[in-house]
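Within every chain, numbering begins at 1; the chains are lettered A, B, ... in the order of the sequence lines, protein sequences first and strands thereafter. No experiment lies behind these values; they were computed from the predicted model shown.
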There are 2 protein chains.
Amino acid sequence: MNRGPTMVDVAEAASVSLKTVSRYINGATNIDPKLAERIREAVLALGYRRNLAAASIRPGWTSRMLGLIIGDLGNPYYSTLARGVEREVHERGYLLTTASSDENGQRHDELIDRMLEQRVDGLIIVPPYTGGRPWNELRPPLPPRVLVDRPAPEGDGYSVLADNARGAASATEVLLAEGATRIAFVGDSELISTMAERRQGYEEALLAAGLEVDLSLVDHGVHTDEQAAGAVQRLLDDHGADAIFAANNRAAIGALRAFRARGARVPLVGFDDFESAELTSPPTTVVSHDIAHMGAVAAGTLLTLLDGGVPAEQTTVLPVTLQRRGSELRVQ
Amino acid sequence: MNRGPTMVDVAEAASVSLKTVSRYINGATNIDPKLAERIREAVLALGYRRNLAAASIRPGWTSRMLGLIIGDLGNPYYSTLARGVEREVHERGYLLTTASSDENGQRHDELIDRMLEQRVDGLIIVPPYTGGRPWNELRPPLPPRVLVDRPAPEGDGYSVLADNARGAASATEVLLAEGATRIAFVGDSELISTMAERRQGYEEALLAAGLEVDLSLVDHGVHTDEQAAGAVQRLLDDHGADAIFAANNRAAIGALRAFRARGARVPLVGFDDFESAELTSPPTTVVSHDIAHMGAVAAGTLLTLLDGGVPAEQTTVLPVTLQRRGSELRVQ
DNA sequence: TTGTAGGCGTTATCAC
DNA sequence: GTGATAACGCCTACAA
C-alpha cells in the first residue's frame, strides 16, 4: 500500500533537514527564504500532505475532531441540528464526525467508545431516551461534552435545551383563547424528558385557566404518524376533544391525516415546525425554535470548554416562538 | 493535559510485556488465560482505551474513517443521503466524517484537503456545481472515492446516479396524457448535470408526442421557493402554460405557493419527493427515488474498492418511480 | 537559522 | 506463548 510521501521525503528532495520542513509546514517564519522555496517546490513535486493522525499523538496536540451523536441523521430535526453544529465547528477548524444512535442505548455507547478510541477532542450528544450506561461510571471519564435537547443528569455537565414547558403552555393558551375546553394532548412517551416538559406546560396552562386535567384526553403512546392519526380519531370520536395540542411534529402530521380522513377539523397547534406546515390548509400553527441555533450554541459551549474557558451557564434554555398560521382558529 | 493510560501502563499493572497487551487488545487467541485475566483487570482498573490514531500510523493500518462531502447537511435530500451512507459504513466498522460544501468549490476543496490530512480511507462526494479544482490534477491522487448524484468526469472514477432523464420523461408523459400541450419546465441552472438530464428527458417526451419545445416555457433560473413561485406566475399569466413540470422540490413548492396565491391550479408533477407532498391539496405527484438507497449503494461501492475489489459498474444508474397522488390531474 | 536526538502509542519482527 | 526492539510520521527540546 502506498502511504504517500512523508516529511523525510520532502526533506531529502529539498536537501534540508526534517525539522526545517516541519517548521515550514507549520508556518514558522524564521526560515531562510531560499530553503523555504526549495521546500515549497519539493512539497508540490511530491504531492506531500501532512499526516494529522501522526501529529495528533504527540503530547500537547489533539485530533481537532469533534463527535456528534444524535438519534437519526435522516430526521430533519436532527440534521438541522447537525448543520448548526457543523457550521460552528468548521469555522474553528474542527472536523465533525456524525453518527446516529437510533435511540438505541447500546449502539449509542458503542459509538461513544469508537469516537473516544479515535480520540475526538469533545462530544456533542443527544442521548437516547432509554438504555446506555450512566456516564458518571465511565472509566476513563468522557472528554469535554455538551448535551443537546436533553437535560444533563443532576447538573453533571453542560446542556442546551429548548423551553419546552413554556412553549407547550403558550400553545395550550392559544387554544384556550379560541374557546376550547377539551384540549387533547397527543405525544410520545413521558420518559422522553422533552415530552414530560411539554406535558407539564400543557397542564399548567389548563390549571391556570381553571380547567381540570382530563387524563382521557392525554395520549402519550404516539411514536409514528399513523399512531397519531389513530389517536386523534379516538380522541375526537370517543372523548369529545374539541382541540388538539400535538406535542411533536409526527403527532401534528398524524392529526392532519385524521382531519383529512374524517373531512372535518378542530383547532390544532403543533410543537416543532415541519417543512410544509405552511402548505397545509389551513396552514399549521406550531411552537417552534431555532434548531440550528441550538446546535450552534451547543458547539459554542463545547469550544469554550476546549479553549479552557468556563461557559456562562451549565444549562442553556433557548426560547421558543409561536408561529401563528391559522390552524389554531375554530373557524377559518 | 491528561492523555489517559497507555498500553505500557496496562502492561506494567498486569506485570506483562507490552506486546502481550497488544495481542490481547487485538483479540489474539494464543494468550495464557492467566495473563489474559490479569490484563483484563488492569484494563478495567485503569480505564484503558486504545488509541486508534496512534495505531493508524503503522504501516498497513488505516484510520477506518471515511469522509462524506455534500452540499448542505441541513437539506433533507442530503441528510437522507448521508443517513444511507452512514448506515452502510457503520455496519462495516467505519466512522463517517460529514461536511457541507455549500456548493462552494473552494470550501469543497478545503474540506477534501482537511479530510486527506486526517487520513480518511476513502471519500464519498457530491461535488459542487461550479468551481473546485479538477481532480485529475490533484497531487497526490485522491484515495478511493465515489461520486453521488453527479457523473464522474469522463468515466474517471465511480459514480452513482438517479435516472433523471427517464424520470423527467415519465413526468412529462403523465402531463401529456392529461391533455396538456403547453407544459412548463421550472428548474435550476442547466450547469447542474441532474437539471440538464431532466431537461433532456422533458424534451424527449415532448418530441415523442409530436410537440415542439417552446423555450418561453422553460425556466432554468430558479434557485429558491420564491423564485419558483414567481416563475410559475409568469409562465401561467404570460406564456399560457397549461401544466407544470417542477424539476426539483423547491420548484414544486414554489408552484404550490403560486397556485395558492392565484386561487387556481394546473396539473403539476414534481421531481424528488418532499416531506408533506401527501398533505397538499391535492396531494402532489412526484418522480422520486430512494435517496438513502443511493447513499447505501455509493457506500457499498466505496467499501468494495477499499476491500480491493472491483465494483460491477463504473456508473450505477438507479431507477426512479412516479408517485401518482392527484396533482397531475386536470380536474380533481 | 538549522540540525540532532528522542519520544508520542501502537504494532511487527524475531528471537527466546 | 512471550517479550525486547525497532519502526510508523511527526514535533519539541536542545545543541550547533
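Under 4.0 angstrom from either OP1 or OP2 of D:dG3 there lies at least one side-chain N or O belonging to B:Thr20. Distances shown here put a side-chain N or O of A:Asn26 below 4.0 Å from the OP1 or OP2 atom of D:dC11. Neither OP1 nor OP2 of D:dG9 sits under 4.0 Å from any side-chain N or O of A:Thr6. In this model, the phosphate group of D:dC11 is not approached by any side-chain N or O of A:Tyr24 to a distance below 4.0 Å at OP1 or OP2. When the side-chain nitrogen and oxygen atoms of A:Ser22 are compared with OP1 and OP2 of D:dC11, one or more of them lie within a distance under 4.0 Å.
Between B:Arg64 and B:Asp121, no side-chain nitrogen of the basic residue sits less than 4.0 Å from a carboxylate oxygen of the acidic one, so the salt-bridge criterion is not met.
Atom CG in B:Asn51 sits roughly 19 Å away from atom P in D:dC8 (whole-Å rounding). Atom CG of B:Leu18 and atom C1' of D:dA7 are 13 Å apart (whole Å). We find that CE of A:Met7 is positioned 14 Å from P of C:dG3, with the value rounded to whole Å. Rounding to whole angstrom units, CD1 of residue B:Ile39 and P of D:dT2 are separated by 8 Å. Protein atom CZ of B:Arg58 is 8 Å distant from nucleotide atom P of C:dT11, rounded to whole Å.
For B:Lys19 against D:dA4, no side-chain N or O and base N or O form a donor-acceptor pair under 3.5 Å.
At least one side-chain heavy atom of B:Ile70 sits under 4.5 Å from a side-chain heavy atom of B:Leu81.
B:Ile31 comes within contact range of the sugar-phosphate backbone alone, with a heavy-atom separation under 4.0 Å but no base atom that close. Across all strands, B:Ile25 comes closer than 4.0 Å to no nucleic acid atom at all (heavy-atom distances). Within the 4.0 angstrom heavy-atom criterion, no nucleotide atom of any strand lies near A:Val8. Residue contacts shown for A:Arg23 include a base, since a base heavy atom lies under 4.0 Å away.
Nearest-nucleotide positions on DNA chain C place A:Ala54 closer to the 5' end than the other of A:Ala54 and B:Val21.
Between the OG1 atom of B:Thr98 and the CZ atom of A:Arg83 there is a distance of 11.5 Å, given to the nearest 0.5 Å.
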